[in-house]
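What follows is a single structure, written as structure tokens, with notes after it.
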There are 2 protein chains.
Amino acid sequence: MQDNLQVKMDEFLPLRDVVFNTLRQAILTGELKPGERLMEIHLANRLGVSRTPIREAIRKLELEGLVTMIPRRGAEVAQITEKSLKDVLEVRRSLDALSVELACDRIGEEALEELRKACDAFEAATRTKDTKKIAQADVALHDIIVQATDNSRLVQLVNNLSEQMYRYRFEYIKDESSHEQLIEEHRIIFESIRRKDKETAANTAKLHIDNQEKSIMKQLRMEKNSRRHSL
Amino acid sequence: MQDNLQVKMDEFLPLRDVVFNTLRQAILTGELKPGERLMEIHLANRLGVSRTPIREAIRKLELEGLVTMIPRRGAEVAQITEKSLKDVLEVRRSLDALSVELACDRIGEEALEELRKACDAFEAATRTKDTKKIAQADVALHDIIVQATDNSRLVQLVNNLSEQMYRYRFEYIKDESSHEQLIEEHRIIFESIRRKDKETAANTAKLHIDNQEKSIMKQLRMEKNSRRHSL
DNA sequence: CTACTTTAAATTGTATATAATTAAATACAA
DNA sequence: TTGTATTTAATTATATACAATTTAAAGTAG
């Protein structure tokens, strides 16, 4: 773990939430690697706080499934197995389909217009070839859809499930050969939501996840391979 | 809140988990009522532990959505609104449908046999008119299905969502007039899983939730009414 | 040199102490 | 009485202290 964990005092959150966000981000970006132990005193010193907020943050990470607790041994970053990712994607596939279906019913004129812009913005982002920008544009687009469902529980769950594979999605987006297809799928989802064509919307959303799954699984296997050869 | 919160030392869990389970149960059964404050010293004294495990338990309840945090004022039991229940049920509807569809593909012979027995057990339970027994039989039956999906994330999410309405489901099950229909729906779900008829299974599962939703919403409105008249 | 004990260090789990903030109570003026 | 300061009490937020347990290390016998 590099020494670039830093507590941002920008906002006025309780320390436990600052720590929670910091650790969460570190796990999702891969800065803290699967299997790595989260030792309280270490983290407390590094972040310049006491153990209490660290522990409270770990409790939340535990419930989110990002860390695994081992009794009397503490927390470690959860291992991501092929199976666990498949499980996550299987649920997400269903919830993304639900999201676009609900969006068909409930999206407003303004949000629809935003969605159209987000499609354009995504296309523009792919042309910059800036992976971070592309990823952001993609998140923004999907966020408009899920927000349009007007179901806060669904929003919470979809966001949580998405985050579980941030690390991998990044690599996925790097692959330029898939950009055209992504643009096209976004376009179809937008059009079918506009026409309130639930079936096409849902099917495309599922396809969208299927493609992601294929790419992520390929990566995972490569990672596993390279681990086997290097260790 | 009555004075029957007790820490069970049966198992050998960290205190924070014991406290978490205790508070969770108290909230789900309605022993701790929506809006009620969770004061740390109070709970610590009552449960005979220090504030630390109480706080850690509250952090987990927070992430689960069972309590609401108010900065510098602590936690209170989350209010359940009609909207929030609708949101939960909307997601559950989708995930229950997914569960039975996956069960069609993945259930084994033994589990299928268990499911058949669970259907019979549920029918038998309704005849005892023991609400608690009926509820347990219902949970057991649905648990077999969701376990058959072999998707641990799905299991976790469905269980969590189900628990959110334990309080209300209890009243629902009390209503004997609905028992025949419940038995029939369980039977159809079992039969369609056996025949691997995903469409019927999914539709019936959705119907199952729809019926629950109607009943719960009726109750909620009654509750709201009686509150208005008594306050 | 290996297998087993014993000891020491590190780490978590729990409890308590201090600081900061908020809510309530009291006092006082209009 | 009502509205506003001021003080007091209660409560959370954070830090530290202590206890229990585990891991690693150092010896020691075979």
Side-chain angles (χ1 to χ4, degrees), chain A residues 1 5-24 26-27 32-64 66-79, chain B residues 1 5-24 26-27 32-78:
Chain A
M1 190 175 72
L5 290 186
Q6 273 308 316
V7 180
K8 285 174 278 181
M9 287 302 281
D10 306 346
E11 291 143 51
F12 198 58
L13 283 168
L15 284 182
R16 58 167 181 269
D17 291 331
V18 178
V19 173
F20 174 65
N21 292 331
T22 307
L23 291 180
R24 186 162 203 276
I27 293 173
L32 285 166
K33 300 199 172 43
E36 191 164 342
R37 285 182 70 182
L38 297 181
M39 281 182 302
E40 297 169 5
I41 307 174
H42 259 193
L43 292 172
N45 292 338
R46 181 159 304 188
L47 301 178
V49 300
S50 81
R51 280 176 60 207
T52 309
I54 302 280
R55 285 180 67 85
E56 299 192 24
I58 289 177
R59 295 288 83 78
K60 304 218 287 185
L61 294 170
E62 177 189 356
L63 207 75
E64 238 190 357
L66 290 177
V67 308
T68 309
M69 292 306 303
I70 303 171
R72 285 264 158 212
R73 192 148 185 275
E76 54 181 52
V77 179
Q79 291 290 348
Chain B
M1 188 175 76
L5 289 185
Q6 272 308 317
V7 179
K8 285 174 280 182
M9 288 302 283
D10 307 346
E11 291 144 49
F12 196 59
L13 283 169
L15 285 183
R16 58 168 180 269
D17 291 330
V18 178
V19 173
F20 174 65
N21 291 331
T22 306
L23 292 180
R24 187 160 202 281
I27 292 173
L32 285 165
K33 299 198 172 44
E36 192 163 342
R37 284 184 70 183
L38 297 180
M39 279 182 302
E40 297 169 5
I41 308 173
H42 206 219
L43 291 172
N45 292 338
R46 180 159 303 189
L47 300 178
V49 299
S50 81
R51 283 177 56 208
T52 309
I54 302 281
R55 283 181 69 82
E56 298 192 15
I58 289 177
R59 293 289 82 77
K60 303 219 287 185
L61 294 169
E62 177 189 356
L63 208 76
E64 235 187 1
L66 290 176
V67 308
T68 310
M69 291 307 301
I70 303 172
R72 284 265 158 211
R73 194 149 184 274
E76 55 180 51
V77 179

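Worth knowing before you read on, the calculation uses all heavy atoms, side chains too, and leaves out hydrogens, waters and symmetry mates.
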Self-check item: Partners passing side-chain contact (heavy atoms from CB on, under 4.5 Å) against Met69(B) (at least two apart in sequence or in another chain)
Solution: Arg16(A), Ile58(B), Arg59(B), Glu62(B), Ala75(B)
Quiz prompt | Along DNA chain D, first and last positions that approach a heavy atom of chain B under 4.0 Å | solution = dT11(D) to dT14(D)
Quiz item: Can you name the closest pair of heavy atoms from Arg24(A) and Leu66(A) and give their distance?
Solution: CG-CD1, 4.1 Å
Quiz item: Rounded to the nearest 0.5 Å, how far apart are CG of Leu43(A) and CG of Leu38(A)?
Solution: 5.5 Å
Quiz item: More 5' along DNA chain C: Arg37(B) or Pro14(B), using each one's nearest nucleotide?
Solution: Pro14(B)
Exercise. Drop me the distance from Leu15(A)'s CG to Leu47(A)'s CG, to the nearest 0.5 angstrom.
Key: 9.5 Å
Practice problem: List for me each residue that meets side-chain contact (heavy atoms from CB on, under 4.5 Å) alongside Ala44(B), sequence neighbours excluded, and say none if there are none. | Solution: Arg51(B), Ile54(B)
Quiz prompt | Test side-chain contact (heavy atoms from CB on, under 4.5 Å) applied to Glu36(B) and Glu76(B), step by step | solution = CA-CA 5 Å; Glu36(B) 192 163 342; Glu76(B) 55 180 51; over 6 Å; no
Quiz item: Between Ala78(A) and Pro34(A), what is the shortest heavy-atom contact and its length?
Solution: O-CB, 3.6 Å
Exercise. State whether the side chain of Asn21(A) and the backbone N or O of Asp17(A) hold a donor-acceptor pair below 3.5 Å, judged by distance alone.
Key: yes
Self-check item: Close approaches to DNA chain D from residues 51-60 of chain A, in residue order (heavy atom, under 4.0 Å)
Solution: Arg51(A), Thr52(A), Pro53(A)
Exercise. Sequence neighbours left out, what passes side-chain contact (heavy atoms from CB on, under 4.5 Å) with Arg72(A)? Give chain and number order.
Key: none
Quiz item: How close do Leu23(A) and Ala57(A) get, heavy atom to heavy atom, and via which atoms?
Solution: CD1-CB, 4.5 Å
Quiz item: First contact, last contact: which nucleotides of DNA chain C are these for chain A, 5' to 3', heavy-atom distance under 4.0 Å?
Solution: dT11(C) to dT14(C)
Exercise. Please tell me which of Ser50(A) and Arg72(A) maps to the more 5' nucleotide of DNA chain D, matching each residue to the nucleotide holding its nearest heavy atom.
Key: Ser50(A)
